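As structure tokens, the structure follows; a few thoughts come after it.
Since we're looking at a predicted model, the values are computed, not measured. Each chain gets a letter, A, B and so on, in the order its sequence line appears, and its residues count up from 1.
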Number of protein chains: 2
Amino acid sequence: MNPLIKKLERFTRLSDEDKRILQHAAASRLRNFEPRCDIISEGETPRDVNLILSGWACRYKQFEDGRRQIVAFFLPGDLCDLNVFLLREMDHSIGTLAPVTLAQISRDLLQRMLDANSRLTQALWWETLITAANHREWVVNVGQRTAIERVAHLLCELFHRLRAVGLVREGGYEMPITQSEMADALGISAVHVNRTLRELRIAELMTWKSGRVTILDLPALEEVGLFNPNYLHLDREGQQFDAPGT
Amino acid sequence: MNPLIKKLERFTRLSDEDKRILQHAAASRLRNFEPRCDIISEGETPRDVNLILSGWACRYKQFEDGRRQIVAFFLPGDLCDLNVFLLREMDHSIGTLAPVTLAQISRDLLQRMLDANSRLTQALWWETLITAANHREWVVNVGQRTAIERVAHLLCELFHRLRAVGLVREGGYEMPITQSEMADALGISAVHVNRTLRELRIAELMTWKSGRVTILDLPALEEVGLFNPNYLHLDREGQQFDAPGT
DNA sequence: CGGTTGATTGATGGTTGTCAATAAGCGTGG
DNA sequence: CCACGCTTATTGACAACCATCAATCAACCG
């Protein structure tokens with residue numbers, strides 16, 4: 001099933017017509033990207049909204065001196081860049097981590113969809129609000145949590161998000177990034193990420209081998225990471241926007 | 001002039017009818033809040049959108065052990081809580097710093113406005129995107145910048161934002177918060193905020209006396225803070241949404 | 001004018017960063 | 001199948017930045 005529909009249906013019921021439009025949009029213009037390349041760079045003008053179909057990407061900002069902060073991960077089913085509607089130029093970059101397949105939805109097509117359907121507009125606005133909620137939790141993560149709390153929190157977030165799109169199997173998930181990239185997301189050094197993962201491994205909370213994370217004790221890991229899934233808003237909350245008669 | 005109109009006009013031209021509606025909305029239900037009290041707390045269900053007319057407020061998240069992270073400052077002209085439309089319950093709190101006067105715009109009224117006017121919908125969506133852009137920069141701030149860079153960056157952000165709403169006078173602005181609150185926003189201790197401010201003072205980049213910050217050398221301060229105002233999107237960028245015939 | 005809050009400074013310690021070396025993994029090609 | 005080279009992971013030693021604790025000072029206010 002179309003992951004975009006799946007995602008939006010988590011908070012609003014769509015009519016058959018809505019779904020038909022979305023189906024059409026997501027089928028248009030598929031593209032593949034290598035790992036570690038930019039989908040769009042800071043300063044460029046966004047032209048399309050990208051829907052990740054498979055693989056991982058991230059938003060990041062980089063200083064001239066090399067320091068880099070990853071501010072969000074994109075997982076399958078995520079919409080990359082609703083900024084396209086509103087921002088003249090990107091204030092950050094979007095790059096791949098693992099190989100990515102995405103659907104490019106043109107600005108014009110999406111604009112027509114929105115003009116014709118205010119429920120879709122609100123659904124996408126909602127998506128933007130969730131993005132902001134995620135950013136807020138990341139500010140808290142790098143601002144207040146210790147290294148081990150940050151790592152645990154990120155592992156929990158990824159678990160919940162991937163489970164919501166059916167990518168958790170046998171209590172674990174594919175983790176196609178390096179410890180160095182994790183470090184850039186957590187605001188700590190790669191060396192310290194490594195030490196911290198060892199701690200979690202010794203505590204028998206998780207393992208990470210050959211690109212696959214296994215969560216051995218989710219409640220304990222959530223406790224270490226001071227994790228509360230409320231900011232993900234994964235439960236259906238938008239009943240007020242349900243299409244009539246569905 | 002109505003600060004909400006002023007704000008929205010920074011990115012889209014509004015028709016006279018738009019303005020009349022907004023004028024009406026902002027005039028409704030004024031409320032005053034003491035300093036250091038919650039406007040809405042985590043877990044509550046938001047009922048209104050709040051437009052700050054005067055004073056400072058902030059979004060924050062707090063752990064049970066007392067650690068707190070401020071994730072954004074609200075300045076006059078800011079819309080507090082568009083989450084009201086979409087989130088069943090708040091995943092963070094909004095509290096005042098200085099005494100605040102705000103206009104409560106009811107959910108129903110705003111909903112009617114949006115239903116009748118897709119340009120307004122997009123204008124408010126844009127506001128949400130700017131909020132997210134701000135959050136991203138804050139992730140970078142606490143994730144990558146050193147203490148002195150963080151302090152300098154925050155002072156620059158406040159300068160630019162306050163200037164945009166006409167609250168910068170004689171190269172400075174009112175700063176109605178404590179160093180401890182600044183510490184909560186920057187993810188460093190209050191003691192270290194104090195030391196860092198001293199450094200900036202000795203370098204003759206700024207002063208902060210009796211609730212008023214004066215920026216002595218903005219370019220130098222921006223350089224220290226690795227500050228780039230692009231994420232604020234303060235220049236008019238939404239010409240594509242201009243009302244026809246204005 | 002006492003009392004409270006916030007600012008300031010010093011001393012000390014801990015978490016984390018940096019540097020460096022080694023080991024492990026992984027793809028490529030002989 | 002193994003050798004090779006590259007990237008990534010892992011570990012140790014040391015240093016730095018920042019937190020914490022504590023004391024003093026300044027500002028504000030009823």
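For B:Asn194, no side-chain nitrogen or oxygen approaches OP1 or OP2 of C:dA7 to under 4.0 Å. Taking side-chain N and O atoms only, B:Arg198 has no distance below 4.0 Å to OP1 or OP2 of C:dT8.
Taking the six-membered ring for Trp, B:His92 and A:Tyr231 have ring centres at least 6.0 Å apart.
With 3.5 Å as the limit, one finds a donor-acceptor pair spanning the side chains of A:Trp138 and A:Glu157. Under the 3.5 Å distance criterion, with hydrogens and angles disregarded, a donor-acceptor pair is assigned to the side chains of B:His153 and B:Glu137. Using modelled atom types and a 3.5 Å distance limit, the side chains of B:Asn134 and B:Thr131 yield no donor-acceptor pair.
C:dG17 atom C1' lies 16 Å from atom CD of A:Gln179, rounded to whole Å. In this structure, A:Met182 atom CE and D:dA9 atom C1' are separated by 14 Å, rounded to whole Å. A straight line from CE of A:Met175 to P of D:dA9 spans 10 Å, rounded to a whole angstrom. The interatomic distance linking B:Ile188 (CD1) with C:dT15 (C1') rounds to 16 Å, in whole Å. Atom CD1 in B:Ile177 sits roughly 12 Å away from atom P in C:dG6 (whole-Å rounding). A:His192 places its NE2 atom 15 Å from the P atom of C:dG14, with the value rounded to the nearest Å. Counting to the nearest Å, the C1' atom of C:dG25 and the CZ atom of A:Arg212 are 19 Å from each other. B:Gln144 places its CD atom 10 Å from the P atom of C:dG17, with the value rounded to the nearest Å.
Between D:dT8, C:dT18, D:dA22, one nucleotide has an atom nearer to the side chain of A:Val191 than all others, and that is C:dT18. Taking every side-chain heavy atom of A:Ser189 into account, C:dT18 is the closest of D:dT8, C:dT16, C:dT18. In the set D:dC28, C:dG6, D:dA19, the nucleotide with an atom closest to the side chain of B:Ser210 is D:dC28.
We find that A:Arg88 and A:Glu44 are not joined by a salt bridge, their nearest charged nitrogen and carboxylate oxygen being 4.0 Å or further apart.
The base of C:dT18 is paired with the side chain of A:Arg195 by a donor and an acceptor separated by under 3.5 Å.
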